[in-house]
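What follows is a structure written as structure tokens; I'll ask about it next.
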Amino acid sequence: MSARSSAIAAISTHRVASTQNYQEDGGADIYGQYVFGEDAQRQYLAKPIFRRLRRTIDGLEAFDPVIADAVAHAVKEWAMAHGATHYTHWFVPMTGSTAEKHDSFLNPQGEGRTIAEFSGKNLIQGEPDASSFPSGGIRATFEARGYTAWDVTSPIFLQVEPNGVTLTIPTAYVSYTGEALDHKIPLLRSQEALGKEALRVLRWFGNATATRVFTNIGPEQEYFLVDRRLAELRPDLVLTGRTLFGGVGPKGQELEDQYFGPIRERILAFMMDLDRELWRLGVPAKTRHNEVAPGQFEMAPVYEGTSVGSDHNMLVMQTMRKLAPKHDLMMLIHEKPFAGVNGSGKHNNWSMGTDAGENLLDPGHNPHDNAQFLAFLVAIIRGVNTHADLLRATIADAGNDHRLGANEAPPAIMSIFMGSQLEDVLSQLEAGVTSGSKKGASIGLGVTSLPDLSADATDRNRTSPFAFTGNKFEFRAVGSSAPIYWPQTVLNTAVADSLRTLADDLDRLSAGDMEGLTSILSNILRANKQVLFEGNGYSEEWHAEAARRGLPNNKTTVDALPALSTPKAAALFASFGVLTERELAARADINWERYVKVCNIEALCAIDMATTLIVPAAASYLGRLAAAGSASRGLAAVAAKVATVTDAVVDGIHALEHALHGAHAASSVQDEARAFADSVLPAQAALRTAVDELETLVADDLWPLPKYRELLFQY
Ligand code: ADP
Ligand code: MG
């Protein structure tokens, strides 16, 4: 029996084990069990220290090293009570994955004795030998010093594995010279920049109580699950996370019966496991459902502050990856694991709020709130329009290139969807009129009230990359595998830029001058309204219209990344202290390099599979056909066809090797990336076409790779 058929046999006898009583040990009992949260802090810390730590976590005061030893001791006691033997500083280097290096609490005291120790310094600062992380030229390997610093805003947690418990401290990662080597630091800086400018605007509106403005994030996470026994027979899934070959066959997603359909027992078992594990980690997992493509699913948490929410999204992806094998599943987080059915994205729901609990993107009920809401709305419109190229660049990578612009995901053109009601309000604002209304939506700033814009009052538009949904924006073009720190950093900074301009204008206006405000806002709107688009983002007409409006349409990563290297980008990040020129250049470099590396791995994997799996399968089948001799006229024709397509495969391998060779000869990483986009990817696509045709010809028992129909429908 072939490996493929025994995998299928195993699936058909797979039984879902019901090992846990899900009613006992429900959400509330286990929620936050693995987190050094408020309850644990109260239990393990002396009152005065507890209070000061809380003030630090709430952003009201800087962390005072004087309390570090006491906090560290409490953290250690708590962790050891839960079985921890090791601790780690957990961070997000520019690889985009999380990183951790464990140390035990053990501190030898001589003569065979040891005590468990964890000092304030161990808590606050670490120095991983970090020379192997990409730094984009910030550090040479001989000056590899990098430090991790505790991010007090993100809760300390335990990683609990069957064979050990590790105390895990979320940290920021910084070079000896103080430059950000991670995704966290720029996000925290952007948050501060936005908060500062937003407060200036709020003060003009007479808000004297809010002390902080921050952003919230609720990332909806799409993913695929396939049977692990099948998936592991495919080198492409194992190495690249996507199928490099394979056709969708007779059935894909056209019946539209998967979306929100009943959840299979085996998948539900995984989802239950996932929810429970996430709840223990204090990740507020909320929603789960079947997505559009067969084998595709989604989870969404309740939104949280940006730093914690971004860390939590890393934990969501990591936990999914970890739990899937327990259910004999493989989790695919790639943006496009399968050709011909939908790929996966991450919808970042984003809003700004104050520490007093006000959502600044909530239209509110009275005219005063409306004016303030419109001011923030207009600032966001300007931010997205002015920095559309940068926002596009933050979501550009080899994986997302398979989605953006295709007719299933938002296009590569950044535009904003408002919904008809707000669109109407904005057009009145633009005209500067103080009355006139549609459904009572009169925008006399300070005169009339906006109608209640409940979340349901706005339409949905799946085709928009950036959509207003009631009291938040949804940045829908983010890739499913992407850490969300970077897109949010840029969004925060772009909006901070607009809020600063607006606040500067407002500084020249006396408080309560609503006419003056209307004129400022309508000017900003007039200059930026080209980014607003209510129609079908997938349509040809929109591409033409966007070109007329002069909106950037950077279709691929190599088109998009240059936006990171413009004087405009450097000035933006530098003026808010979010990234120095060097820090920005490092990120650009790493993105270019990553694109080349990913494309290179995929091309090599395709060559390897075609050479060692596909061509031999064709040879076996041709042998079988030859053995049948001239028994039938039809068989001779089949053999001729198989021979022709096999030639195309072999030629395709050579052409791909040739293209790869050419790309490697480029003298800069940018040129190499372009060579990949212009010649390697097309050569690989041509090889795929030939292989996929061969798949439809070769005897099924000789085909070495699990097919889409098995991966997508048998689990
Ligand atoms: P949808 O209608 O898009 O399905 P949901 O209400 O289900 O929206 O929310 C999707 C995500 O948006 C969830 O993670 C949710 O917590 C988050 N969300 C809701 N309100 C806000 C907000 N004000 N700011 C940020 N995220 C939010
Ligand atoms: Mg949504």
Side-chain angles (χ1 to χ4, degrees), residues 27 31 187 190-191 194-195 198 210 212-223 259-260 271 274-275 278-279 281-292 296-317 319-320 344-365 369 372-373 376-377 379-380 384 409-410 416-419 421-422 452-478 480 482 484-485 487-489 491-492 495 537:
Y31 196 85
L187 178 64
S190 75
Q191 170 86 37
L194 179 140
R212 265 179 0 113
V213 172
F214 46 83
T215 52
N216 288 314
I217 188 75
E220 301 166 51
Q221 177 72 54
E222 295 179 339
Y223 62 101
Y259 188 55
F260 284 3
M271 289 176 166
L274 176 67
D275 280 349
L278 291 175
W279 291 338
L281 288 164
V283 179
K286 172 89 171 163
T287 308
R288 61 192 191 196
H289 62 80
N290 286 358
E291 254 300 327
V292 170
Q296 191 186 28
F297 310 95
E298 178 179 307
M299 80 75 66
V302 176
Y303 67 92
E304 303 178 276
T306 300
S307 164
V308 180
S310 304
D311 283 352
H312 279 173
N313 182 248
M314 300 305 283
L315 286 182
V316 166
M317 294 192 284
T319 307
M320 284 175 168
S344 300
K346 186 136 47 191
H347 301 164
N348 278 13
N349 293 270
W350 174 93
S351 66
M352 294 182 251
T354 70
D355 55 347
E358 183 183 2
N359 176 359
L360 299 176
L361 299 188
D362 187 339
H365 298 287
D369 288 346
Q372 183 185 301
F373 163 73
F376 280 99
L377 198 64
I380 293 169
V384 172
I416 304 179
F417 173 83
M418 280 295 170
Q421 206 169 34
L422 270 188
D452 202 9
L453 263 186
S454 73
D456 295 341
T458 54
D459 307 333
R460 284 178 179 273
N461 185 333
R462 290 189 72 86
T463 69
S464 176
F466 200 81
F468 186 72
T469 45
N471 59 6
K472 58 182 161 63
F473 276 96
E474 200 170 324
F475 190 10
R476 312 173 47 98
V478 183
S480 49
I484 57 180
Y485 304 88
Q488 294 195 113
T489 299
L491 179 58
N492 286 349
V495 173

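Here, residue 1 is the first one in the sequence, and each next residue gets the next number. Read the numbers this way: they start at 1 and go in the same order the structure lists the ligands and their atoms.
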Should N349 be counted as touching ligand 1, given the test is an N or O pair under 3.5 Å?
yes
Report the relative orientation of the aromatic rings in F297 and Y223; use parallel for angles under 30°, tilted for 30 to 60°, perpendicular for over 60°.
tilted
Under a plain distance cut-off of 3.5 Å, with no hydrogens placed, do T287 and E298 share a side-chain donor-acceptor pair?
no
Select the closest option to atom 3 (O) of ligand 1 among E474, H347, H289, Q221, judged by heavy-atom distance.
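Nearest heavy atom to atom 3 (O) of ligand 1 lies in E474.
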Will you find, in the side chains of Q488 and S310, an N or O donor that is under 3.5 Å from an N or O acceptor?
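Note: Q488 and S310 side chains meet the donor-acceptor criterion.
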Would you find a donor on one side and an acceptor on the other, under 3.5 Å apart, between the side chain of K286 and the backbone of P301?
no
Relative to ligand 1, is K286 under 4.0 angstrom through side chain, backbone, both or neither, heavy atoms considered?
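For K286, no heavy atom sits under 4.0 Å from ligand 1.
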Checking T463 side chain against G537 main chain: does a donor-acceptor pair fall under 3.5 Å?
yes
Whether V302 lies under 4.0 Å from ligand 1, heavy atom
yes
Ignoring angles and geometry beyond distance, decide whether Y303 reaches within less than 3.5 Å of ligand 1 through its nitrogen or oxygen atoms.
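Yes: some nitrogen or oxygen of Y303 is under 3.5 Å from one in ligand 1.
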Determine yes or no for a side-chain-to-main-chain donor-acceptor pair under 3.5 angstrom, with N349 supplying the side chain and Y303 the backbone.
no
Indicate yes or no: does an N/O atom of P301 lie under 3.5 Å from an N/O atom of ligand 1?
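Looking only at distances, the answer is yes, because the N/O contact criterion of under 3.5 Å is met.
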Measure N359 to ligand 1 on non-hydrogen atoms and call it side chain, backbone, both or neither using the 4.0 Å cut-off.
side chain
Within a distance under 4.0 Å of any heavy atom of G218, pick out the atoms of ligand 1 and give their elements.
11 (C), 14 (O), 26 (N)
